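By convention here, the first residue in the shown sequence is residue 1. Predicted model, so just to flag it, every value in this text is computed and none were measured.
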Amino acid sequence: MAENTVIITGASSGVGLYGAKALAQRGWHVIMACRNLEKAEKAAQEVGMPTGSYTILHIDTADLNSVRTFVQAFRATGRQLDALVCNAAIYMPLLKEPLRSPEGYELTVATNHLGHFLLCNLMLEDLKQSPIKRLVLLGTVTHNPDELGGKVYPRPNLGNLEGFTAGFKPPISMIDGKKFEPVRAYKESKVCNVLTMRELHRRYHESTGIIFSSFYPGCVADTPLFRNHYPLFQKLFPLFQKYITKGYVSQALAGERLAMVVADPEFNQSGVYWSWGNRQKKGRKAFQQQVSPQARDDEMARRVWDLSAKLVYLT
């Protein structure tokens, strides 16, 4: 029987890398979809992924042409796609002015949401050929002001999607069309990830059988996602999460949880946001967690979908 194949974006570090390792240990072949191929190869060797258990292909999810080129490169491998994990993300909290993608969109929403939105749409046909067929978008507690970890300001607010409607043309950078706030840009891009998951489920689960889900593995406080933060924050945040909030999760455990959502039968339910909670307890199992009010707004999901489709040239 042929080995199962999973694509993981952003697999050269953090949750993506350790998820790749965990799935390779389960006998899956991992397509490590990354911007820096040399970094990905070095990382795979450092964590002990066996030779032959992975293939590294280039993708920059901020660049729509790169996403399309990646899809062609994957199909050229001749492998059947069994699972897709949209994990790649950038978080640049210290920016004063927005950076732009090749298409001119604010870089955070382009990398975290729009590129993955396009990738999901392009890979649906591939996924539905598999008997396993799972599509997972990585979530974060910061998308949800109803949860302890999401109450920290600034809180996400998509407004009336003014930025989407305007096509994020300069000087507009935020989804609600207001002044650029890099932390809020990250949180709102993750709201869009959850909305995308829920809309994928509504549109395609019944007809394709694909299992669409998101998950929050716990606070991976020492992930390279925070590499663009103040050095003092990078030092103190893991300690705060370990000893004060008790929310800390290692990159290795987060990777194991990613592998569970991709491969284990108990996660074979579509339209679900899985979580292990904000406070980690030994032996705790995953549960279905309610997402934020904005992320469970069906009309918002439809509008984000339609506007995103225009921005990535699907319509």
Side-chain angles (χ1 to χ4, degrees), residues 4-9 15-16 19 22-23 26 28 30-31 33 71 80-89 112-141 143-144 146-147 189-218 254-277 285-306 308-309 314:
N4 298 326
T5 299
V6 58
I7 293 170
I8 304 178
T9 65
V15 179
L23 283 163
R26 290 168 180 248
W28 284 61
V30 183
I31 305 295
V71 172
Q80 175 177 275
L81 180 62
D82 299 291
L84 168 63
V85 179
C86 296
N87 162 78
N112 301 357
H113 167 59
L114 290 171
H116 283 132
F117 176 85
L118 175 60
L119 182 63
C120 290
N121 274 276
L122 294 179
M123 306 243 70
L124 287 175
E125 198 62 35
D126 302 78
L127 271 176
K128 74 180 190 180
Q129 308 303 322
S130 165
I132 299 172
K133 45 179 170 260
R134 295 194 189 183
L135 194 161
V136 180
L137 292 100
L138 201 73
T140 170
V141 71
H143 95 275
N144 191 353
D146 287 349
E147 296 293 324
S189 72
K190 301 307 288 183
V191 175
C192 289
N193 287 161
V194 180
L195 287 166
T196 297
M197 180 274 289
R198 295 184 68 254
E199 188 66 2
L200 281 164
H201 168 75
R202 186 187 73 82
R203 287 172 180 250
Y204 297 116
H205 171 63
E206 189 172 333
S207 61
T208 66
I210 298 171
I211 305 300
F212 302 102
S213 63
S214 297
F215 80 105
Y216 170 58
E256 287 291 341
R257 289 174 172 176
L258 182 155
M260 291 166 66
V261 175
V262 168
D264 289 1
E266 56 262 44
F267 295 90
N268 195 26
Q269 187 169 341
S270 189
V272 171
Y273 184 89
W274 299 101
S275 176
W276 281 259
K285 294 185 178 180
F287 57 92
Q288 298 180 28
Q289 189 170 53
Q290 182 168 260
V291 298
S292 73
Q294 284 194 92
R296 61 178 183 264
D297 184 330
D298 292 339
E299 180 56 30
M300 180 75 78
R302 291 184 181 94
R303 291 188 63 215
V304 167
W305 181 283
D306 291 341
S308 298
L314 287 175

Just wondering, do [Y] and [X] contact through their side chains at under 4.5 Å, heavy atoms?
X	Y	result
Q294	V194	no
W28	I132	yes
L200	L124	yes
L258	L23	yes
N193	C86	no
M123	L81	yes
L127	L135	yes
L195	E199	no

Worksheet item: Between H113 and F117, what is the ring plane arrangement, given parallel below 30°, perpendicular above 60°, and tilted in between?
Response: tilted
Donor-acceptor contact below 3.5 Å, side chain [X] vs main chain [Y]:
X	Y	result
D297	P293	no
N87	T9	yes
T5	D82	no
S213	V136	no
R296	Q290	no

Nearest heavy-atom neighbours spanning [X] and [Y]:
X	Y	value
E125	K128	OE2-CE, 2.9 Å
A295	R198	O-CD, 3.1 Å
A33	I7	CB-CG2, 4.2 Å
F215	R257	CE1-C, 4.3 Å
N112	S189	ND2-OG, 3.0 Å
H205	I210	ND1-O, 2.8 Å

Looking at [atom1] of [X] and [atom2] of [Y], how far apart are the two atoms once the value is rounded to the nearest 0.5 Å?
X	Y	atom1	atom2	value
W305	R202	CH2	CZ	9.0 Å
K190	L138	NZ	CG	5.0 Å
E256	M260	CD	CE	8.5 Å
S292	Y273	OG	OH	9.0 Å

Item to complete: Check the pair F287, K285 against side-chain contact (heavy atoms from CB on, under 4.5 Å), reporting the backbone distance first and the verdict last.
Response: CA-CA 7 Å; F287 57 92; K285 294 185 178 180; over 6 Å; no
Worksheet item: Are W274 and Q288 close enough, and set up right, to give a side-chain contact (heavy atoms from CB on, under 4.5 Å), and what steps lead you there?
Response: CA-CA 5 Å; W274 299 101; Q288 298 180 28; 3.6 Å; yes
Discussion item. Check this for me, if you would: do D264 and R26 make a salt bridge, where the nitrogen-to-carboxylate-oxygen distance has to be below 4.0 angstrom?
Written reply: yes
Item to complete: Would you please say whether a donor-acceptor pair under 3.5 Å links the side chains of T196 and H116?
Response: no
Discussion item. If you count every heavy atom of other residues, nucleotides or ligands that lies below 6.0 Å from E266 atom CD, does the total exceed 12?
Written reply: yes
